[in-house]
There are 2 protein chains.
Amino acid sequence: MNRERVLEAAVTLADEIGIDALSMRRLAQELGVVPMALYKHVADKEDLLDGMVEDIVREIDPPALDTGWQDAIRRRVLSARSALQRHRWARQAIESRIKPTPAVLEYQDSFAGIFLAGGFTPDLAHHVMHALGGRMWGFTQELFDGSANPKADAQPLASPDAQAELFAHMAALYPNIVTIARATPHDNDSVVGRGCDDQFEFEFALDLLLDGFEQLHRRGWTSAR
Amino acid sequence: MNRERVLEAAVTLADEIGIDALSMRRLAQELGVVPMALYKHVADKEDLLDGMVEDIVREIDPPALDTGWQDAIRRRVLSARSALQRHRWARQAIESRIKPTPAVLEYQDSFAGIFLAGGFTPDLAHHVMHALGGRMWGFTQELFDGSANPKADAQPLASPDAQAELFAHMAALYPNIVTIARATPHDNDSVVGRGCDDQFEFEFALDLLLDGFEQLHRRGWTSAR
DNA sequence: GGAATGAAGTGTACGACGTACGCCTCTTCG
DNA sequence: CGAAGAGGCGTACGTCGTACACTTCATTCC
């Protein structure tokens, strides 16, 4: 057993039971070993999580070299997104990290490299990377997306009557939300439920930003310091 | 003692010691009461956190009525931002919520209302709200901003020699990051440290998005469904 | 060949944590 | 006055991360 095996087991275990249910004890059990044995390969739980994030980041495709910056960024981000979708816990794990680790720095560096190679000034490259924010990692901050949390199972689905009443209630309290919800295809049954196409929303915002970047770039934008 | 007092105490305690250090036991102690007493006013810890988030959301200014949508949104978002800056733990707390609560729904509803009143179709309003994502709450997903975590104190600050060596090391491994870091004013001493003006970055991205929204709106953009 | 070394795994134990469950002590009201 | 219910208390259980001291056991060096 070595660090690699521990991290690998942790990743697949987190895939199965979620990051909150992942404990040192549970992981040790999975590896057929006593809990304290893990500490020979991992400094503490924080270090374990750091390592897990590193593993995920390394799953992201390297940047494409044969295209313009805009396409390269776009592809890279979408690759990151698909990695994060293979491991639903990863968003939360990434957000909880406090110190950058080598793989993460490397990722950010190559990201910066794409912009610089595309002719961006370091100044502009800096700001656009901030603007991308979490989107650089393939996620937006979606509030209340139960998908990340396994215990957000679909509840028993109330009777049609109760559902109609709930709807009326919502419409009275939150008319604008209901207006918007009505305008979106509701494959799902609930009013508040996610009838949204996450991928579409993600690309919508991403492209909006990328186009904005392109305009600033063309205009030779610079921060007035 | 009542729910209100409990929530209020929880909020100020979290302001002081951070959200991770906030335990039911610690909170009870602060209120001069035995831990189990809290459970008469709060269903469980999740409920406590829900309530705390509600309190914070209610601190956000109501929308301005005498301006265009763009200004109204901008002001509201910046108001949310300042609320979240008064309570550093709030971002993490918000992100950890799983079910929307009334104050949160109300906030989102009034947000939607601004777009709709500004002439946005429900379709476009829907997508732009997704695009704002966490920015609607006044934060971007800043990775590794130790500010949220009190234990990320400035470390002893290595000797100039060691610092130069670290710098050379960074430059070798992460040339692009260093290039960018060099181009930004480094009030701070560390290479990786935050020499960034968070407020500027936030508004940069916000305005980029708002301008993008405006263009889509003018062009009568609609999702091709 | 035998002792020293060090890495890998074990066992026990401690101090947190959230909270179930039952009890007590008031206030309120008929 | 007596019943009821609300608010606070005490104890206890199971879980967590991990400190610390121990046993193995393979490798290395004389």
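In what follows, every chain begins at residue 1, and chains take the letters A, B, ... in the order their sequences are listed. The basis for the numbers below is simple: all heavy atoms, side chains too, and nothing from hydrogens, waters or symmetry mates. Note that the structure is a prediction, hence the values are computed from the model and not measured.
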Under a 4.0 Å N-O cut-off, is there an ion pair linking Asp198(B) with Arg81(B)? no
What class does the angle between the rings of Phe115(B) and Phe213(B) fall in, given that below 30° is parallel, 30 to 60° is tilted and above 60° is perpendicular? perpendicular
Answer with yes or no whether Lys40(A) presents, from its side chain, a donor or acceptor under 3.5 Å of a partner atom in the base of dG9(C). yes
Just the rounded figure in Å: distance from C1' of dT19(C) to CZ of Arg26(B). 20 Å
Would the His130(A) and Phe200(B) ring centres measure less than 6.0 Å apart? no
Look at the side chain of Arg135(B) and the backbone N and O of Thr140(B), then say whether any donor-acceptor pair between them is shorter than 3.5 Å. no
Main chain of Pro63(A), side chain of Arg75(A): is a donor-acceptor contact present, judged purely on distance under 3.5 Å? no
Kindly say if His41(A) contacts the phosphate of dA7(C), meaning a side-chain N or O under 4.0 Å from OP1 or OP2. no
dG17(D), dA12(D), dT10(C): which one has an atom nearest the side-chain heavy atoms of Val33(A)? dT10(C)
Under a 4.0 Å heavy-atom cut-off, which of residues 3-14 of chain B touch DNA chain C? none
Mind calculating the distance between CG (Leu48(A)) and P (dT18(D)) to the nearest angstrom? 10 Å
Rounded distance (Å) that lies between atom P of dT18(D) and atom CE of Met36(A): 9 Å
Need one value for Val34(B): base, sugar-phosphate or nothing, where a base atom within 4.0 Å counts as base even if backbone is also close, heavy atoms only. base
With Leu7(A) as reference, evaluate Asp50(A), Asn2(A), Asp55(A) under the side-chain contact (heavy atoms from CB on, under 4.5 Å) test and give the passing residue. Asp55(A)
Earlier contact from the 5' end, DNA chain D, for Asp44(A) and Pro35(B): Pro35(B)
